[in-house]
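In what follows, a single structure is set out as structure tokens and then discussed.
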Amino acid sequence: MAYFGNNPQRGELQELYADLNDLNFEKKKEAVKKVIAYMTVGKDVSDLFQSVIKCLEFNDIEMKKLIYLYIVNYSRQKPDDAIMVIQNFRKDVRKSENPLVRALAIRTFGCLRVPKLNEYLIEPLKDCIQDDDPYVRKTAVLCVPKVYEVSPEICPPLLELLQKLLEKESNALVLANLIQSMREIEVVSGKQIIILNQKIIQKLLLAVDECIEWGQIFILDYLATYNPQDSKQAEIIIERTLPRLSHINPTVTFCAVKVILKYLDFLDNGDLVKNLCKKVAPSLISLLSWNQPEVQYTILRNISLILQKFPILFENDVKVFFCSFNEPYYIKYEKLDIMVRICDSKNFGQVLNELLIYLNEADPHFVRKTIKSIGKIAITYDKALDKAVSILVEFAKNIQQPTEPVQELLIQMQLIYKKNKQMYKHEESLKIIYSIIDYANEPESKSACAWIVGEFGEFIPKSVEKMKEYIDNFQMEDRLVQLQLLTSAVQLYLKYPSQCSILIQQLITSAKDSFNPDVRDRTYIYWRLLSTDPEIVKNLVCFNSGTFSNFSKDLRLWETQDLVLALENMGNISNLFHKLPHQLYKNIKIKVNNQQEVKIYKGDEKPESQVKEQQDENQQNIQKEQQQQQDIDLLNFDDPPVNNNNNNNKSNKTDVFELI
Amino acid sequence: MFSQIFILSPRGDTIINRDFRSDLPKSTPETFFRQAKTYSGDANPLFAVDCIQFAHIKRGGLYIVGTSRFNLQPAMSLELLDRLAKEIKDFCGVINEEVLRKNFILIYEILDESFDFGYPQLMATEQIKPLIVNDPIQPQPDSVMNSLRPKIQTFNIFVPNTIGSQAVQRSVLNKNQANEIFVDIYEKLNVLFNSSAYVINQSIEGCIQMTSFLQGNPPLKLALNDDLQIGRQQGQYSAGVILDDCNFHECVNANELDMNKTLRIQPPDGQFVVMNYRISGDYSAPFRLFPIIEEISSSKIEVTIKLKACFDAKILASYANVRIPIPKQTANAYPELLKNAQQETAEYDSNKKIVEWQIKKLQGGQERSLKIKLTLQATQTAHTARKEIGPIAMNFEIPMFNVSRLQIKYLRIEERGNTTNPHRWVRYITQSSSYVCRI
């Protein structure tokens with residue numbers, strides 16, 4: 001196609017102008033079509049505004065549709081000319097017999113988005129909201145948020161009208177649009193607009209059955225944000241929602257899941273809760289086999305969130321999350337993550353056996369993630385420790401090259417050792433891990449190795465020589481490795497003072513002039529302490545912290561109080577990033593959550609409310625952590641999980657998007 | 001919700017551009033196209049640039065794009081675009097650049113009925129048909145453009161490549177040609193074997209799909225197996241067909257399914273999925289693979305793979321392909337077929353380190369086998385290399401066969417006194433989804 005430039009030639013415009021003013025109706029129509037075609041490809045035909053709107057005098061619906069399209073596009077450029085159209089709109093809305101014309105006029109009117117025109121809009125809009133025809137009402141109802149966006153100050157009478165309509169409306173489609181438009185205003189303004197009562201809820205539930213699928217989504221999505229008054233009401237709502245679980249549209253199914261999971265909290269009957277969980281799980285699993293991997297991905301991301309509140313849900317279905325070879329990697333990674341979450345004392349063997357097989361995969365990145373998952377399981381579930389370690393050690397035996405998985409293996413082994421230091425029984429594994437220590441080539445894995453050498457110096461042959469090797473290359477290392485080396489070398493020095501004294505001298509000489517203030521400061525601290533009182537250093541460096549209860553915490557995605565809000569937004573983009581909506585979108589204001597308790601549903605136990613205690617506990621833990629952190633920092637521990645969360649929140653937005 | 005919906009040609013020209021909310025810059029289509037071109041291969045269906053979210057699907061080479069700044073549901077946005085494409089196809093018959101350019105007014109009409117302020121409204125073809133005033137313009141059949149037309153992608157969930165269907169490329173608006181209905185039962189199999197041909201994990205994803213050209217859309221009654229059962233109790237075994245879970249199209253009334261195994265359907269025009277179902281229980285896998293690996297010497301490995309078709313001899317698989325990944329350190333590989341092999345090929349791709357074994361037709365009950373002789377590079381020994389063989393993956397299609405034994409007993413038109421007897425076509429197709437054998 002030839003390039004025309006952004007503006008049509010003078011001649012073309014003139015020709016169109018002539019055609020538009022022609023007396024022949026067909027010719028006019030053709031000309032208007034041409035104008036729309038120009039408009040679509042982005043050429044500026046706003047100069048024809050007056051001629052185009054003159055054509056409105058014909059009572060032809062096709063012509064009207066075309067011209068309205070044109071007006072919507074150019075009204076903001078030509079607000080003064082647009083005023084001339086208002087009479088036509090008002091005439092159409094008031095006088096037309098045809099509901100299609102009335103709806104068309106009010107729809108277009110709403111899209112003008114010129115503030116000073118909106119005052120003319122209020123009256124006709126009120127008429128349309130009370131129109132006899134549901135098609136007109138459904139269109140008019142959606143006009144209100146359009147007006148609200150441009151001039152919120154003139155809207156209060158409209159909002160009252162909407163609330164009235166909500167009480168008496170009987171058409172399902174209108175109700176769905178009504179809920180959606182009132183909700184949009186709620187989101188934009190942060191105020192509560194919708195006032196529900198028992199009757200309206202009944203009506204909404206009825207409407208769900210009659211509505212088209214998108215309407216069902218609107219209503220269910222809204223119901224998921226509502227807090228029922230009592231167990232009885234919750235039960236009714238759940239009952240009416242259950243049939244939606246077998247809807248073919250994945251979003252409807254998912255919204256139904258959302259509603260049911262939300263209302264479970266309000267049920268008194270424990271057996272009912274269990275039964276409902278059994279009904280929800282198969283629907284979610286079916287969604288996982290949906291033909292678009294993108295949909296699968298969103299479901300998986302949300303399942304990891306659901307699992308935090310409902311560990312009970314997939315108790316017997318671990319197999320569903322096994323990776324199949326032809327899936328995209330983003331699905332596989334999510335599944336790995338979920339397998340770790342789902343793992344418990346009953347099924348860890350099954351999960352680990354499956355992970356064992358993934359270790360043979362060709363893709364090093366996937367293998368790396370697998371090793372990380374195995375490490376996580378080992379750290380989180382004490383019972384799984386032995387088996388997990390034996391798998392990792394077996395893998396280590398066959399390593400011949402410094403590949404990516406090896407790095408992860410070293411990091412994970414370090415974490416495992418760190419957690420289980422006091423129940424030291426890793427002599428076997430240590431030998432094998434030590435034999436591959438030279439394959440470390442990433443800062444994290446190197447620092448893990450340095451930690452192992454320092455911590456287990458007395459169990460490792462030639463640990464001092466190894467340390468010397470590291471220290472010879474001190475200047476070349478990453479900051480992370482340097483910090484760990486300092487601590488490990490001091491540890492080793494305390495174990496073998498005579499053999500290491502030269503070593504430590506050498507280290508201090510090369511580290512004290514480091515450009516990195518952290519490295520430099522730590523060097524000086526150790527130096528001063530060693531020269532004053534080695535005993536203090538011993539307490540500080542050989543800090544034996546026992547088991548770390550907070551290791552398992554990093555499986556949690558949210559603080560418990562945010563969980564409710566997160567679940568209400570299940571399926572939305574924000575949850576894809578595992579974030580809360582207001583963290584992602586500035587234009588969203590959150591309603592304060594007034595629900596105090598968050599129940600966690602564990603297997604075999606009756607649901608119990610733990611939050612209060614947990615929150616107190618959390619508080620204490622956080623304080624403890626902060627205290628510990630000060631000690632631990634010197635040892636260069638990983639950031640505690642709480643900090644990790646914050647970092648994640650800050651992480652780059654577009655990066656995550658690439659994953660989708 | 002969507003701020004805009006636009007349709008771009010493969011070269012990035014705007015064919016359709018509808019702005020619902022005017023909250024995004026006018027240059028958004030260009031932003032989209034520039035970003036989409038930065039991907040090697042197809043662009044991600046969802047991505048964001050400068051806080052604008054783009055969701056898109058590709059149909060007939062065209063980009064159908066929705067944009068938003070809201071916290072919407074990604075699954076829903078893709079589904080919406082897919083539905084829009086279906087509507088356009090229902091009205092215009094096909095989706096390609098020429099047809100869309102010719103019918104742009106019609107498409108604006110469709111868009112206006114389907115979306116208001118970016119919120120989905122009526123999206124079923126037969127619902128908006130009375131609201132649309134324009135007729136579709138068919139492209140000239142003998143124009144030059146026509147011969148250059150890109151191959152039209154159908155948006156079948158399952159695309160069988162063996163049996164052609166007559167239910168293609170027809171606009172629902174000219175209905176007076178035929179009075180017929182097509183029913184397809186597709187099943188996709190997921191099976192995972194361990195090296196001794198023992199099944200570790202298996203499931204079926206199936207669907208019943210209809211394409212209706214019935215005049216007057218009469219209500220239908222579809223009866224399934226008598227021994228059908230929905231929902232599986234833990235550890236239950238039964239002789240009947242047990243579906244773990246299923247879901248239905250809006251037009252389906254499944255109230256009687258439990259009682260007398262029938263579905264009442266009010267069919268819309270064109271193509272729709274009546275029901276999706278999922279089966280996780282045991283079923284006899286149609287193919288079994290038996291791999292044997294032998295270390296001949298420290299640098300030579302011999303892999304023998306036996307393939308057995310375990311279904312009725314009357315049934316013919318239309319193709320069966322087997323992919324065998326072999327060690328990265330392979331110097332050379334020689335796949336050898338049996339001497340009497342017919343309609344079979346086996347090739348070694350030295351770049352990907354994969355042996356592809358293709359069988360054109362395979363009758364039930366037959367057995368085939370393939371031997372691969374591998375020579376390794378000096379850097380690796382056979383003992384470590386053998387771990388890199390596999391997993392073996394299979395692709396196949398078996399027409400007129402379904403594993404679940406779910407069957408259509410009858411399909412009736414409920415209206416009495418209907419004299420015309422429409423043609424009813426029923427097909428069964430079984431395909432592989434993920435059919436893998438670990439070594």
Side-chain angles (χ1 to χ4, degrees), chain A residues 1 33 36-37 40-42 61-62 65-66 69 73 76 100 107 113 139 142 145-146 177 180 212-214 217 246-251 253-254 282-283 285-286 289 291-292 294-295 298 316 319 322 324-326 357 360 362 398 569 571-574 576 581 584-585 588 653-654 657-658 660, chain B residues 13-17 19 22 26 44-48 53 69-76 78-79 104-105 108-109 112 116-117 119-124 131 133-134 157 190 192 201 203 205 231 234 244-250 254 273 275-276 278 325 328 384 387-388 391 393 434 436 438:
Chain A
M1 192 174 158
K33 278 188 186 171
I36 302 288
T40 300
V41 292
I61 189 159
E62 191 186 349
K65 278 190 178 179
L66 291 172
L69 206 59
N73 222 337
R76 270 192 304 175
L100 288 187
R107 183 167 69 206
R113 312 176 64 80
T139 316
L142 265 189
K146 295 182 196 170
N177 273 359
Q180 193 58 25
I212 55 164
E213 49 203 311
W214 314 111
I217 294 171
S246 60
H247 199 282
I248 208 160
N249 185 330
T251 320
T253 318
F254 205 65
S283 298
I285 295 170
S286 291
S289 40
N291 58 328
Q292 286 163 304
E294 293 79 21
V295 175
T298 61
N316 303 316
K319 272 189 180 179
F322 288 178
S324 57
F325 86 109
N326 55 355
I357 286 165
N360 291 329
N398 290 319
N569 283 290
N572 290 359
I573 293 247
S574 55
L576 222 52
L584 203 58
Y585 297 94
I588 289 179
K653 189 171 148 193
T654 33
F657 243 112
E658 297 298 315
I660 303 174
Chain B
D13 304 324
T14 314
I15 301 174
I16 301 290
N17 183 0
D19 194 337
S22 321
K26 286 235 189 298
N44 289 353
L46 291 159
F47 55 79
Q53 295 152 19
R69 284 191 335 178
F70 279 76
N71 190 13
L72 44 77
Q73 306 200 18
M76 178 168 158
L78 291 173
E79 182 73 17
F104 74 99
I105 305 271
Y108 276 124
E109 266 196 285
D112 271 341
D116 189 2
F117 205 37
Y119 289 114
Q121 299 292 309
L122 302 168
M123 289 202 82
L131 310 173
V133 292
N134 275 288
I157 295 173
N190 288 304
L192 182 62
N201 198 1
S203 69
E205 293 152 24
Q234 204 69 45
D244 284 53
D245 186 46
C246 52
N247 55 42
F248 305 97
H249 192 268
E250 285 194 306
V273 176
M275 152 180 182
N276 286 315
R278 182 170 58 82
K328 295 228 163 43
T384 53
K387 288 199 175 124
E388 289 184 31
S434 160
V436 179
R438 285 175 178 163

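Every chain is numbered from 1 and lettered A, B, ... according to where its sequence line falls, protein lines coming before strand lines.
- Heavy atoms closer than 4.5 Å to chain B are found in both the backbone and the side chain of Lys146(A).
- Options Thr40(A), Asn398(A), Ile248(A) differ in how many heavy-atom pairs under 4.5 Å they form with chain B, and the most are formed by Ile248(A).
- When the options His249(B), Glu250(B), Glu79(B) are evaluated for a side chain to side chain contact (heavy atoms under 4.5 Å, CB included) with Asn249(A), the one that passes is Glu79(B).
- For the pair Lys328(B)/Glu388(B), a side-chain contact is recorded, criterion being any heavy-atom separation below 4.5 Å from C-beta on.
- When side chains are defined from C-beta on, Glu213(A) does not count as touching Pro120(B), because their heavy atoms never get closer than 4.5 Å.
- For Leu122(B), the parts sitting under 4.5 Å from any heavy atom of chain A are the backbone and the side chain alike.
- Both the backbone and the side chain of Phe117(B) have a heavy atom closer than 4.5 Å to some heavy atom of chain A.
- Residues Asn276(B) and Ser286(A) fail the side-chain proximity criterion, which asks for heavy atoms closer than 4.5 Å.
- Residue contact with chain A, scored on non-hydrogen atoms closer than 4.5 Å, is absent for Asn190(B).
- For chain B, the nearby parts of Leu142(A) are the backbone and the side chain; heavy atoms of each come within less than 4.5 Å.
- For a residue to count as touching a neighbouring chain, one of its non-hydrogen atoms must lie under 4.5 Å from one of that chain's; by this rule Asn73(A) touches chain B with backbone and side chain alike.
- In this structure, the side chains of Gln53(B) and Leu46(B) stay at 4.5 Å or more apart for every pair of heavy atoms.
- The parts of Ile285(A) that come within reach of chain B are both its backbone and its side chain, each placing non-hydrogen atoms under 4.5 angstrom from that chain.
- Proximity to chain B (any heavy atom under 4.5 Å) is shown, for Ile36(A), by both the backbone and the side chain.
- With respect to chain A, the highest number of heavy-atom pairs below 4.5 Å among Pro391(B), Ala393(B), Pro325(B) belongs to Ala393(B).
- Highest contact tally toward chain A, considering only Leu72(B), Asp244(B), Asn247(B), is held by Asn247(B) [criterion: heavy-atom pairs under 4.5 Å].
- Of the atoms belonging to Leu131(B), heavy atoms from both backbone and side chain fall under 4.5 Å from chain A.
- No other option in Asp116(B), Leu78(B), Asp19(B), Val133(B) has as many heavy-atom pairs under 4.5 Å with chain A as Asp116(B).
- Contacts between Pro282(A) and chain B at a heavy-atom distance below 4.5 Å involve backbone atoms as well as side-chain atoms.
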Practice problem: Give the intermediate values and the outcome of side chain to side chain donor-acceptor pair (under 3.5 Å) for residues Ser574(A) and Asn569(A). | Solution: CA-CA 8 Å; Ser574(A) 55; Asn569(A) 283 290; 4.8 Å; no
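- Using a 4.5 Å cut-off between heavy atoms, Ile212(A) contacts chain B through both its backbone and its side chain.
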Exercise. Test side chain to side chain donor-acceptor pair (under 3.5 Å) on Arg107(A) and Thr139(A) and set out the steps.
Key: CA-CA 6 Å; Arg107(A) 183 167 69 206; Thr139(A) 316; 5.3 Å; no
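- Both the backbone and the side chain of Phe248(B) come within less than 4.5 Å of a heavy atom in chain A.
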Practice problem: Could you walk me through whether Asn134(B) and Glu109(B) pass side chain to side chain donor-acceptor pair (under 3.5 Å), step by step? | Solution: CA-CA 8 Å; Asn134(B) 275 288; Glu109(B) 266 196 285; 2.7 Å; yes
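- Between Met123(B) and Trp214(A), some side-chain heavy-atom pair lies under the 4.5 Å cut-off.
- Thr298(A) touches chain B through its side chain: at least one heavy atom from C-beta onward sits under 4.5 Å away, while N, CA, C and O do not.
- Using modelled atom types, one side-chain atom of Tyr108(B) and one backbone atom of Asn17(B) make a donor-acceptor pair closer than 3.5 Å.
- Between chain A and the residues Thr14(B), Leu192(B), Asp112(B), the largest count of heavy-atom pairs under 4.5 Å involves Asp112(B).
- Between atom CD1 of residue Ile16(B) and atom CZ of residue Phe104(B) there is a gap of 7.5 Å, rounded to the nearest 0.5 Å.
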